[in-house]
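Heads up: the structure comes next, in structure tokens.
By convention here, the first residue in the shown sequence is residue 1. All ligand and atom numbering here is 1-based and tracks the order in the structure.
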Amino acid sequence: MREEQNSPGSAGGESGLPTANSSTLPDRFGAVPRVDVDIAAMRAEYGGDPDLTESWPADGWEPLLRNWIELATNAGITEPNAMVLATVELTDAGPRPASRTVLCKGVSADGVTFYTNYDSAKGDQLHAVPYASATFAWPKVGRQVTLRGPVDQVSTEVTTAYWRSRPRNSQLGAWASHQSRPVASREDLDRALADVTARFDGVEQIPVPANWGGYILRPEQIEFWQGRRSRLHNRIRITLPDGPAAIGSARIERLQP
Ligand SMILES: Cc1cc2nc3c(=O)[nH]c(=O)nc-3n(C[C@H](O)[C@H](O)[C@H](O)COP(=O)(O)O)c2cc1C
């Protein structure tokens, strides 16, 4: 048996995450075995639900988004609040998209909130271009929601309240990591964690790092997508000219799939 199969974190199980298949584990030199997988043949057939209609967001996009996050949760999806956040990087060659997954930690009529390192790549990008797009994708329940709009940092009070709810280990990790910067080795990261753990030993309430906090994406436009038979999916787009909470003046349109 390979060492990796017994090492914590690689084989999963206790975490509730899928257990790694031995054929996909790297060998002891780190080479990943080549597996034959017919990617082009992969497809799911959607359908069965009542059709998503223009009336579903009648009370606003927020209750519907909450409802769909709950649906994804009940379907047993891991991290049902995960969303892919796209930002714009201004490079010498011109604007370039950048994306990564973050966890949505708040949904209100004003927008969706996530937390990160303000000095990370996404933090720099949001400083230069304070607009983003966020997509929740739940193929297991045949649904997707995309929100786009301006992004602001949340207040220190909001950040502090969420920080206090985080496990101590996560707080220490945030202190240890200069997110998005290169690091020479895994050992350097482990050493940084050991250093901050020692630094805050005996400190009951670890303070919020100055460069860590929340952002709120205030949607100007939201699209709810529901997979249907024969790829004739339902797409309902909500445009909010008077702000995310002003559903009264929203334009609600059906888009072709
Ligand atoms: C499921 C999942 C959830 C994540 N949640 C967060 C998060 O809430 N905040 C965060 O900063 N990074 C989160 N990450 C890590 C980011 O995807 C990303 O690697 C990190 O934020 C650095 O991104 P950047 O270099 O583009 O700034 C998550 C990754 C995954 C796979």
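For ligand 1, the atoms sitting less than 4.0 Å from at least one non-hydrogen atom of Thr116 are 10 (C), 11 (O), numbered in the order shown with element in parentheses. Under a 4.0 Å criterion applied to the non-hydrogen atoms of Ser120, ligand 1 contributes the atoms 27 (O). Close contacts between ligand 1 and Gln179 involve ligand atoms 10 (C), 11 (O), 12 (N), 20 (C), 21 (O), 22 (C) [criterion: under 4.0 Å to a heavy atom]. Which parts of ligand 1 touch Ser180 is read off a 4.0 Å heavy-atom cut-off, strictly below it: atoms 24 (P), 25 (O), 27 (O).
Of the candidates Met83, Arg100, Lys122, Lys105, the one placing a heavy atom closest to atom 22 (C) of ligand 1 is Lys122. When the heavy-atom distances from atom 1 (C) of ligand 1 to Thr78, Leu85, Thr101, Asn117 are ranked, the shortest goes to Thr101.
Thr73 approaches Pro80 most closely through the heavy-atom pair OG1-CG, 3.4 Å.
For Arg148, the CZ atom counts as loosely surrounded, since its 6.0 Å shell holds 12 or fewer non-hydrogen atoms of other residues, nucleotides or ligands. The number of heavy atoms from other shown groups lying within 6.0 Å of CG (Asp92) does not exceed 12. At most 12 non-hydrogen atoms from other residues, nucleotides or ligands lie less than 6.0 angstrom from CG of Asp59.
Nearest non-hydrogen protein atom to atom 6 (C) of ligand 1 is Val102 CA, 3.5 Å.
Note: an N/O pair closer than 3.5 Å links Leu103 and ligand 1 by distance alone.
Ligand 1 is approached by Tyr115 to a heavy-atom distance shorter than 4.0 Å.
With sequence neighbours left out, the salt bridge (Lys or Arg N to Asp or Glu O under 4.0 Å) criterion links Arg251 to Glu253. Scored by the salt bridge (Lys or Arg N to Asp or Glu O under 4.0 Å) test, Glu79 finds no partners at all (sequence neighbours excluded).
Looking at heavy atoms from C-beta onward, Arg143 lies out of side-chain contact with Val145 at the 4.5 angstrom threshold.
The protein reaches atom 17 (O) of ligand 1 closely, with a heavy atom under 4.0 angstrom from it.
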